[in-house]
A.B. asks: 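Questions regarding the structure given below will be posed in turn.
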Amino acid sequence: SADRYKDPSQPLNTRIDDLLGRMTLAEKIGQMSQIEREKATPDVINKYFIGSVLSGGGSVPEKNAPPEAWVGMVNGMQSGALSTRLGIPIIYGIDAVHGHGNVYKATIFPHNVGLGCTRDPELAKRIGAAVALEVRATGIPYIFAPCVAVCRDPRWGRCYESFSEHPELVQNMTSIISGFQGEIPAGGTLGVPFMAGQRNVAACSKHYVGDGGTTNGINENNTVATFHELLSIHMPPYYNAVIRGVSTVMISYSSWNGLKMHANRFLITDFLKKELRFRGFVISDWQGLDRITTPEHADYLLSIKLGILAGIDMVMIPFNYTEFIDGLTLLVNNGTIPMSRIDDAVRRILRVKFTMGLFENPYADPSLTGELGKQEHRDLAREAVRKSLVLLKNGKPGDKPLLPLPKKTYGGILVAGSHANDLGSQCGGWTITWQGLTGNNLTAGTTILDGIKRAVVPGTDVVYSENPDAGFIQQNKARFDYAIVVVGEPPYAETFGDNLNLTIPAPGPAIIQNVCGSIKCVVVLVSGRPLVLEPYINTMNALVAAWLPGTEGQGVADVLFGDYGFTGKLSRTWFRSVNQLPMNVGDARYDPLFPFGFGLETQPS
Ligand SMILES: OC[C@@H]1[C@@H](O)[C@H](O)[C@@H](O)c2nc(-c3ccccc3)cn21
């Protein structure tokens, strides 16, 4: 019979059953294997029937690769897959967690902690649609986003990837999934993998489950919680993600009550797949199987057994694919892992690939390359920056408000601080490289300083000094009407961001004291999370939390100078001292510097 699985007019389950019925064990296990692009030659993909390829953070075809180079790379790999006996296309995945972060000149949006402060699910959906277009510009149909972590402790290095500490706010922001994948139409089936068309991408809600609840925020550590606490704090976003038709779920490195999530059959199979009826595929994190044991990779056969029996369908191996394939083959042949488990995994992977139209459209649409970094997307990102800013202080007690700042000044404006003129730092981690970069050469964008210069009336004396010394301040303080001090955290990702003291890194505090001690100042804090403020806040006239705004730094000036009012509300509790942590909205003991939901407002001037 003609290959019914190739016939798009056939019912979905007919296509899945027809194809699955034709597959050898090697072809099935190949579909469950995701390898890193460095290993993914067309020959390897063909020989091992590889089902998926990824770019890890910073893994690019070449430095500053244009979209055409990405398209060429992905299409080359795809040809290797389509030349196999059954011609099952690969699905290429990448982390587009705040825009297409790996890609030179992509639009970089505010990280999720800032988007949570917008309280605007509709905006998040529009951002999702724009990111999908920029990812498709590079020929990629699948992203490891959104992170739906409910970060309960800002000492966690990934807290900025979380929309909020409050599960309901995170649930609301899962609207971004409907942007990435498209909205399930009225009358459509909720709760099954969905993708509207070839200008959308398959999404991945991560990291299942409880990644944001580890002890002291230690990355990949242990989340101690009753089942009720897990269900009420960390699980809710997955209800919404599944209903919205999220195509994949990524498992967390962390443990729940001492059991590694990657080995947790109850939560992955009994709860996510059976109770929540998730029908897409479950993917491991990078070497997530290896890290089931301590030390990691100590017993890889055991890791494979535990991970696959727990219900993981696709394994982000990413390098030692022969070891994975041989190990899983052995475990199936010796009866440790039943074929029914393999078939469940492959069925789910095929369901996503058929649903997203990968069989009909395995190659990139070259007409989309112009979507990368498009001005329309940058304008959207700028809108998101504006709405993400939170005004925490506006004038000392008894003073009149300092913000919005006048665009016309009699004297000059002093702009100080490392983060005023540092595109990389305002983007944060997962930008061009895994950890992110400092400086202004990493990609195309507008620094906060650039934005200030464009906002004031032409001819205004704007003086930038990264770290003005006391002498400069004393000699010049009468010269300036006011100062804008932009300080904050360096870029970081994952464990490199774990931090137990949460102080503003030097020389930030000194710059604040030096400048704000002599000149009326507004401090703009560029950080992935709340930081210690109490020692300096009385010196400041005004204070703005800018989070990690991304490439469109103009959005900061838009609000500082009153083109738009401040509307942002804290997505996280602003603690007084790290000794209070963890401390979240709703806790019995709750004594924050600024509470969850706080944010002063100003009117457009
Ligand atoms: O980039 C792919 C995935 C990403 O989607 C996950 O959110 C994240 O937990 C992650 N960590 C690594 C990773 C960690 C350590 C060394 C090398 C890579 C890789 N990844």
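In what follows, every heavy atom counts, from backbone to side chain, and hydrogens, waters and symmetry copies are set aside.
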A.B. asks: Thinking salt bridges, do Lys206 and Asp95 make one under a 4.0 Å N-O criterion?
C.D. replies: yes

A.B. asks: Please identify which of these residues, Trp256, Tyr238, Phe271, meets the ring pair (Phe, Tyr, Trp, His ring centres under 6.0 Å) condition with Tyr208.
C.D. replies: Tyr238

A.B. asks: Per the side chain to side chain donor-acceptor pair (under 3.5 Å) rule, which among Asn219, Asn221, Thr214 passes with Trp156?
C.D. replies: Asn219

A.B. asks: Between Gly114 and Trp547, what is the shortest heavy-atom contact and its length?
C.D. replies: CA-CD1, 3.7 Å

A.B. asks: Considering the options Glu161, Glu494, His98, which one meets the side chain to side chain donor-acceptor pair (under 3.5 Å) requirement together with Trp430?
C.D. replies: Glu161

A.B. asks: Using a 3.5 Å cut-off and no angle test, enumerate the donor-acceptor pairs between side-chain atoms of residues 278-287 and protein atoms at least two apart in sequence or in another chain.
C.D. replies:
residue, atom, partner, partner atom, Å
Ser284, OG, Met316, N, 2.9
Asp285, OD1, Tyr253, OH, 3.4

A.B. asks: The test is salt bridge (charged side-chain N to carboxylate O under 4.0 Å, His left out); show your working for Arg152 and Asp211 and say whether it passes.
C.D. replies: CA-CA 10 Å; Arg152 305 289 284 177; Asp211 50 347; over 6 Å; no

A.B. asks: For residues Phe227 and Phe266, establish whether the separation of their ring centroids is below 6.0 Å.
C.D. replies: yes

A.B. asks: Which pair of heavy atoms, one from Met173 and one from Leu115, lies closest together, and at what distance?
C.D. replies: CE-O, 3.3 Å

A.B. asks: Between Glu27 and Arg22 (salt bridge meaning N to carboxylate O under 4.0 Å), is one present in this structure?
C.D. replies: no

A.B. asks: Looking at Arg341 and Asp344, does any basic side-chain N land under 4.0 Å from a carboxylate oxygen?
C.D. replies: yes

A.B. asks: Heavy atoms, side chains only, cut-off 4.5 Å: are Met314 and Ser52 in contact?
C.D. replies: yes

